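First comes the structure, then the notes that go with it.
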Number of protein chains: 2
Amino acid sequence: MKISQVAQKYGLSIDTVRYYEKAGLIDPVAKNESGRKVYQEKEMRRINFIKCMRQAGMSIENIKMYVDLFHEGLDTIPERKTILENQLKKLMHQQEELDNQIGFLEDKIANYEQTLVKREKARKEIENI
Amino acid sequence: MKISQVAQKYGLSIDTVRYYEKAGLIDPVAKNESGRKVYQEKEMRRINFIKCMRQAGMSIENIKMYVDLFHEGLDTIPERKTILENQLKKLMHQQEELDNQIGFLEDKIANYEQTLVKREKARKEIENI
DNA sequence: ATTTGACATGGAGTCGACTCCATTTGATAA
DNA sequence: TTATCAAATGGAGTCGACTCCATGTCAAAT
């Protein structure tokens, strides 16, 4: 597959795909006779993984660490697991904060609701004079 | 109150407080004879509001819009409410995504767990030869 | 009298994750 | 054959929200 197709398939820009390679998240991609990169199954799976991790809020730096550990073989599984667990902790913390923030906004909106109702009532009373 | 105290009180840096004024989120703060800014009740409440909104993930730009509407008086209450409602929608969407991401990571971690258990079992079997 | 410290101001720098640009090259369509 | 395209590369630019820096001022401490 060529880069434009890969980008299309994973909903990334061509630049982003190249950027991931520059950043060392994807191993150097082999090229055909005319110098164009040809993405194989292996690269595709890697890109899919990166995409998932990015969606899970993991930084490029952390994905890089993870990928580097992956290269070192099976013995690094515990370390890789730790990276994932830390990310999970981060997300769960974010979830708590999000809940608070949602509560805060709901209150504030309810407050405005009240104010609007009161203003409307006041307006009607004036009309009734 | 002077700026250092305000920053302290709200857990912001002095630079951040100044930045909020530069950005128009706080009205120009009056100064004493020697040219130092003196923060009054009004500014404090505004800073507290900004802090809450930032925590609720609202952008500086949107807070600015909100503040500008506030200056225009009570008639803008519906518009202000809309801004809050949009922010709420955004947060609720983030919440959904976060839930998915957490599920994804949990699965991936469980997977590793499995792998580790299997490897351990295999190791023990070898020992038993 | 001078050093120290808090503050003011305008503008530059930072960070992460892209995104864009200029230039070059090879392949294909007209 | 020449124009058009897709792609490669290195490096610059972008964005938001700060954060830092140089310089200057004023007041209190030494």
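Predicted model, so just to flag it, every value in this text is computed and none were measured. Side chains included, hydrogens not; waters and symmetry mates left out as well; all remaining heavy atoms used.
Within the structure, every side-chain polar atom (N or O) of A:Ser59 is placed at least 4.0 Å from both OP1 and OP2 of C:dG16. Look at A:Arg54 and you'll find a side-chain N or O under 4.0 angstrom from OP1 or OP2 of C:dC18. In this model, the phosphate group of C:dC20 is not approached by any side-chain N or O of A:Tyr19 to a distance below 4.0 Å at OP1 or OP2. Between B:Lys37 and C:dA6 there is no side-chain polar atom (N or O) within less than 4.0 angstrom of OP1 or OP2. The side chain of B:Ser13 places no N or O atom within less than 4.0 Å of a non-bridging phosphate oxygen (OP1 or OP2) of D:dC18. Proximity of B:Thr16 to the phosphate of D:dA17: no side-chain N or O atom is located under 4.0 Å from OP1 or OP2. Taking only side-chain nitrogens and oxygens, A:Lys31 comes nearer than 4.0 Å to OP1 or OP2 of D:dT9. Applying the 4.0 Å criterion to OP1 and OP2 of D:dA8, one finds that A:Lys2 has every side-chain N and O outside that range. The side chain of A:Arg18 places an N or O atom within less than 4.0 Å of a non-bridging phosphate oxygen (OP1 or OP2) of D:dA8. Taking only side-chain nitrogens and oxygens, B:Ser34 never comes nearer than 4.0 Å to OP1 or OP2 of C:dC7.
Straight-line distance from the NZ atom of A:Lys51 to the C1' atom of C:dA17: 16 Å, rounded to whole Å. For the pair A:Met53 CE and C:dC18 C1', the interatomic distance rounds to 20 Å; values are reported in whole Å. In this structure, B:Met1 places its CE atom 16 Å from C1' of C:dA6, rounding to the nearest Å. If you take CD of B:Glu21 and C1' of C:dT9, they are 11 Å apart, rounded to a whole angstrom. B:Ile63 places its CD1 atom 13 Å from the C1' atom of D:dC18, with the value rounded to the nearest Å. Rounding to whole angstrom units, NZ of residue A:Lys22 and P of D:dA12 are separated by 11 Å. Atom CD1 in A:Ile14 sits roughly 14 Å away from atom C1' in D:dT9 (whole-Å rounding). For A:Glu61 and C:dC18, the CD to C1' distance is 16 Å, given to the nearest whole Å.
If you check C:dA8, D:dG10, D:dC26 against the side chain of B:Ile3, the one that comes closest is C:dA8. Nearest to the side-chain atoms of A:Tyr20 among the listed nucleotides D:dT9, C:dC18, C:dA17 stands C:dC18. Listed nucleotides C:dC20, C:dA17, C:dG11 differ in distance to A:Asp15; the shortest reach to its side chain belongs to C:dC20.
Residue order along DNA chain D, read from the 5' end via each residue's closest nucleotide, puts A:Ser4 first among A:Ser4 and B:Gly35.
Ion pairing between B:Lys121 and B:Glu125 fails under the 4.0 Å rule for side-chain N and carboxylate O. Here B:Lys89 does not pair with B:Glu85 in a salt bridge; the nearest charged N to carboxylate O distance is not below 4.0 Å.
B:Ser34 and B:Asn32 share a donor-acceptor pair across their side chains, judged by distance under 3.5 Å alone. Counted by atom type alone, A:Gln95 and B:Asp99 present one or more donor-acceptor pairs between their side chains at under 3.5 Å.
Side chain A:Arg36 to base D:dA6: a donor-acceptor pair is found below 3.5 Å.
Two residues are said to be in side-chain contact when any heavy atoms from C-beta on lie closer than 4.5 Å; A:Glu96 and A:Gln101 fail this criterion.
Counted within 6.0 Å of OH on B:Tyr112, heavy atoms from surrounding residues, nucleotides or ligands total more than 12; the atom is thus considered enclosed.
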